[in-house]
Amino acid sequence: MIEPVVDVEWVRARRDRLVLADVRAYLDGRSGRDAYRRGHLPGAVFADLDQDLAAAPSAAGGRHPLPDFRAFAVRMGELGIGDGDTVVAYDDAGGVMAARLVWMLRALGHDAALLDGGIGAWDGELETAVPQPRLKVFTAKPWPAERLATIDEAADGAGVVIDARQPERFRGESEPIDSRPGHIPGAHNVSCRENVDATGRFLPAEVLRARFAAAGVTDGGEVISYCGSGVTACHNLLSLERAGFAPGRLYPGSWSQYAATDRPAAKGS
């Protein structure tokens with residue numbers, strides 16, 4: 001499988017053999033699709049976080065539950081992503097949104113990577129034309145259980161549990177989205193937005209490795225990643241791989257699911 005993060009030069013050298021996916025999404029009401037229509041990488045298709053990469057939100061499942069694997073396969077085929085395709089996804093937020101698609105594809109055994117630096121790293125012309133991809137076959141496969149963690153496993157502290165949210169949300173000082181503030185007791189805060197520098201490019205592997213090691217991650221150890229709704233947690237999972245650690249597990253329901261229960265919440269660092 002290819003590396004989880006690739007640069008523009010890597011993309012240019014293989015452009016005819018790739019599917020580019022724009023996965024811009026925002027929490028402030030802006031439309032990722034509108035941003036895509038105003039300008040995207042040439043030939044890129046738009047993957048909608050809410051419609052393509054998640055099932056309907058609910059208290060039981062959280063804000064962005066994983067979609068039914070059969071529905072996901074249909075949608076990938078409609079986007080022109082087939083069984084043999086390599087996908088490079090990007091956004092304009094250091095990859096924290098596009099990581100969801102990349103993680104989903106890699107978990108199913110497909111070659112997929114984030115574009116380092118996102119749309120801002122592209123030094124060529126953008127286009128506004130919306131491509132009409134050819135329908136392809138994307139074989140439906142169940143989400144692999146070994147790549148997922150349940151709410152019980154996250155709460156029981158099975159291995160190292162890392163929280164990808166920004167520090168103030170982890171500490172419970174601010175909670176603008178979910179039903180109550182705080183974090184899962186025993187979790188460690190590894191804010192995914194600090195995996196990249198000010199330009200949105202990933203930190204060197206050795207720096208990422210030190211960040212995760214400081215949270216208790218070890219070679220061969222179990223790691224469960226969560227965030228607000230199972231989206232940006234994928235950025236930490238890809239960063240773990242970039243740092244040389246084994247793939248961790250995603251807790252898809254994340255804080256949006258956990259906070260809707262009566263389980264205890266911790267505050268502070």
Side-chain angles (χ1 to χ4, degrees), residues 4 53-55 59-67 69 95-97 99-109 114 142-167 169-172 175 177-178 180-195 208-269:
L53 309 183
R63 283 187 284 111
H64 290 107
L66 286 175
F69 69 91
V96 300
M97 299 299 180
R100 171 74 168 224
L101 174 61
V102 172
W103 181 86
M104 293 166 79
L105 291 171
R106 290 174 72 90
L108 293 172
L114 285 172
W143 301 112
E146 67 273 13
R147 301 297 296 272
L148 301 173
T150 66
I151 188 172
D152 290 330
E153 290 171 320
D156 291 345
V160 177
V161 180
I162 56 175
D163 185 320
R165 294 175 299 165
Q166 291 164 294
R169 287 186 68 193
F170 175 82
R171 293 191 298 262
E175 184 44 72
I177 304 172
D178 293 313
R180 57 179 171 138
H183 60 264
I184 297 174
H188 302 265
N189 188 213
V190 184
S191 176
C192 66
R193 296 179 188 274
E194 296 176 19
N195 292 329
L208 291 173
R209 189 172 181 86
R211 293 194 73 223
F212 289 113
V217 177
T218 60
D219 288 317
E222 288 284 338
V223 181
I224 294 174
S225 180
Y226 81 94
C227 57
S229 64
V231 175
T232 64
C234 296
H235 197 272
N236 270 352
L237 292 172
L238 298 180
S239 296
L240 278 170
E241 287 194 63
R242 179 173 170 83
F245 292 107
R249 292 190 287 162
L250 174 68
Y251 166 33
S254 284
W255 185 248
S256 59
Q257 181 190 52
Y258 188 97
T261 71
D262 59 0
R263 295 171 184 257
K267 293 184 179 180
S269 56

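Computed from heavy atoms alone, side chains included, the values below leave out hydrogens, waters and symmetry copies.
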Any side-chain heavy atom of [X] within less than 4.5 Å of one from [Y]?
{"X": "W143", "Y": "M104", "result": "yes"}
{"X": "Y258", "Y": "R263", "result": "yes"}
{"X": "V223", "Y": "F245", "result": "no"}
{"X": "E194", "Y": "P167", "result": "yes"}
{"X": "V190", "Y": "R211", "result": "yes"}
{"X": "L250", "Y": "C234", "result": "yes"}
{"X": "R63", "Y": "I177", "result": "yes"}
{"X": "E153", "Y": "R249", "result": "yes"}

Starting at CZ of R169, measure out to CG of D178 and round the result to the nearest 0.5 Å.
5.5 Å

Using the rule side chain to side chain contact (heavy atoms under 4.5 Å, CB included), only one of V231, L148, T150 pairs with P252; which is it?
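That would be L148; it is the only one of V231, L148, T150 passing the side chain to side chain contact (heavy atoms under 4.5 Å, CB included) with P252.
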
Only one of V96, V102, L101 passes side chain to side chain contact (heavy atoms under 4.5 Å, CB included) with L114; say which it is.
V102

Worked check of side chain to side chain donor-acceptor pair (under 3.5 Å) between H188 and D163:
CA-CA 6 Å; H188 302 265; D163 185 320; over 6 Å; no

Quick one: do V160 and E222 satisfy side chain to side chain contact (heavy atoms under 4.5 Å, CB included)? Show the steps, please.
CA-CA 6 Å; V160 177; E222 288 284 338; over 6 Å; no

Would D262 and R180 count as a salt bridge (charged side-chain N to carboxylate O under 4.0 Å, His left out) if you check the C-alpha gap in whole Å, the side-chain angles of each, and the deciding distance to 0.1 Å?
CA-CA 11 Å; D262 59 0; R180 57 179 171 138; over 6 Å; no

Please assess N195 against N236 for the test side chain to side chain contact (heavy atoms under 4.5 Å, CB included), listing each intermediate value before the final yes or no.
CA-CA 8 Å; N195 292 329; N236 270 352; 2.8 Å; yes

Polar side-chain atom of R171 near backbone of K267 as donor-acceptor pair, under 3.5 Å
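Absent.
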
Identify whether the distance between the nearest side-chain nitrogen and carboxylate oxygen of R165 and E175 falls below 4.0 Å.
yes

